[in-house]
Amino acid sequence: MRDIMGRRDRPFGGKIVVFSGDFRQVLPVVRRGSHSQIIDATLRSSHLWKGMRQLRLVTNMRAHNDTWFADYLLRVGNGTEEANNHGNIQLREDICVPSTGEMNDIEKLIDHVFPGLDENMSDRNYMTCHAILSTTNDNVDKINLRMIDRFKGEEVIYHSFDSAEDDPYGYYAPEFLNGLTPNGLPPHALKLKLNCPVILLRNIDLANGLCNGTRLVVRGFERNAIDAEIMIGQHAGRRVFLPRIPLCPSDNDMFPFKFKRKQFSLRLSFAMTINKVQGQTIPIVGVYLPNPVFSHGQLYVALSRATAKRNIKILIEKEKDKGKK
Ligand SMILES: Nc1ncnc2c1ncn2[C@@H]1O[C@H](COP(=O)(O)OP(=O)(O)OP(=O)(O)O)[C@@H](O)[C@H]1O
C-alpha cells in the first residue's frame, strides 16, 4: 500500500483502514504462548495502535430485543458481574439446567436446546438456529455422538485413510494411526445421518462459500463424496459435493512423524467449541461446562451468541461445581 500510494512514511500509505473488534472476546490463539505473548499478539499491542482513532458501537444489535440480557453480557464481558471469592462468575440459576450429577443431565440440556428435533430434522433453519457450545473438542465430540445416536435415520460411517508420511519401515500400525484425532482434523470414523448438521474444518473454495467454519447439512451420500447444503451466509441453500481430501495437523510437532489423514474435512456440528463459533449468531444456545471456562472472554463469547436470556441454557456438571466460572 505504501508503494502504491508513494508514501513510505505513513502506515498503509496514508489510506484509512478500518479495524473492528470486541476486546471482551477470546484473545488471539498463540500456540503454547505465554500470557505476555498472547497479549503481544493483540491489536492493542501493535505499533499502529497509537495512530488509531477509536469509535465505539454502543447498541448490541443481536440482543436488541432483550435489554436486560444485553446489559448482563456487558457486565460479564467487563468483569463487573457478581463473582465469588475465587473471582469466578456466579451464573444465574434461571439460565442454568439444574444438575443432578447424573448422565441424563446432558439429555436435559439437549431437550432444552433441541425441542421438537424429530419433527424438524430436515428444516435447515431449525438446524441453523440451535447448537450446544462447550470448551474443548472432547466435550463437543461427546455431545455430538449422543446427538447423532438420537437423530433419526440410517447411520453412514466414512472411514479415513491414515498414514505416517516418513515411516518407510511401517513402525506405526494403521490401527494406531486410526485412533489419533489431533485438533482440527476430522475423526477416523465419521458417523453421519441424512439431514445432520456438519461444519467444515478447512478452506476448500472461498469464492463459493466453502471455508473453515462453514456450517452445512448433509443431503445425500455417495461412495466417495458427500452431498451437502450450505446453511448460512450469502451462499445459504447452495448444494455442494464434498470430496475426501488429504489433511495434516496444523501443529507439526504434535507427533514424532508426519501424520496424514485422507477424510472428508467435516465434523458434526450439533455441538461446537466456543472458539469455533466466535463471530456467529446462534439464536438458541446451550452451553455445556463439565469444567470451568478458560477465561471470562470465553464465557462472554458463548453467552453472546444468543439473542435473548430465554434462549440460553447452561449445564454445569455437579461434581465439578466448585470451580465454576
Ligand atoms: N444495524 C443492524 N440492524 C439490525 N440487525 C443488525 C444490525 N447490525 C447487526 N445486526 C445483526 O446483529 C447480529 C450480529 O451482527 P454481526 O455478526 O455483524 O456482529 P459482530 O459484532 O460481528 O458480532 P460478534 O463479534 O459478537 O460475533 C447479526 O444477526 C446481524 O444481522
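Ligands are counted one by one from 1 in listed order, and the atoms in each one are counted from 1 as well.
- Given atom 25 (O) of ligand 1, the protein heavy atom at minimum distance is Gln25 NE2, 3.1 Å.
- Asp105 and Thr100 share a donor-acceptor pair across their side chains, judged by distance under 3.5 Å alone.
- Remark: among candidates Arg24, Gln280, Arg62, the nearest residue to atom 20 (P) of ligand 1 is Arg62, based on non-hydrogen atoms.
- Distance remark: protein heavy atom not present below 4.0 angstrom from atom 22 (O) of ligand 1.
- The presence of a protein heavy atom under 4.0 Å from atom 17 (O) of ligand 1 is confirmed.
- In this structure, the protein non-hydrogen atom closest to atom 3 (N) of ligand 1 is Met61 CE, 3.2 Å.
- Of the protein's heavy atoms, none falls inside 4.0 Å of atom 31 (O) of ligand 1.
- Looking only at side-chain heavy atoms (C-beta outward), Ile89 and His296 come within less than 4.5 Å of each other.
- The two atoms that bring Phe264 and Leu242 nearest to each other are CE2-O, 3.2 Å, heavy atoms only.
- Of all atoms in ligand 1, listed by their number and element, those nearer than 4.0 Å to a heavy atom of Gly279 are 27 (O).
- Remark: Arg244 is not positioned above the aromatic ring of Phe161, lacking an NZ or CZ atom under 6.0 angstrom from the ring centre and at most 45 degrees off the axis.
- The ring of His130 has its center closer than 6.0 angstrom to the ring center of Tyr126.
- Put simply, the side chain of Asn139 never gets that close to the backbone of Ser134: no donor and acceptor are under 3.5 Å apart.
- Put simply, no part of Ser304 is less than 4.0 Å from ligand 1, judged by heavy atoms.
- Ring geometry, Phe221 versus Tyr158: the interplanar angle falls from 30° to 60°, so the pair is classed tilted.
- Put simply, no part of Asp22 is less than 4.0 Å from ligand 1, judged by heavy atoms.
- In this structure, the protein non-hydrogen atom closest to atom 27 (O) of ligand 1 is Arg305 NH1, 2.8 Å.
- Between Tyr172 and Phe255, the distance separating the two ring centers is not shorter than 6.0 angstrom.
- When Thr59, Thr281, Val277 are ranked by how near their heavy atoms come to atom 29 (O) of ligand 1, first place goes to Thr281.
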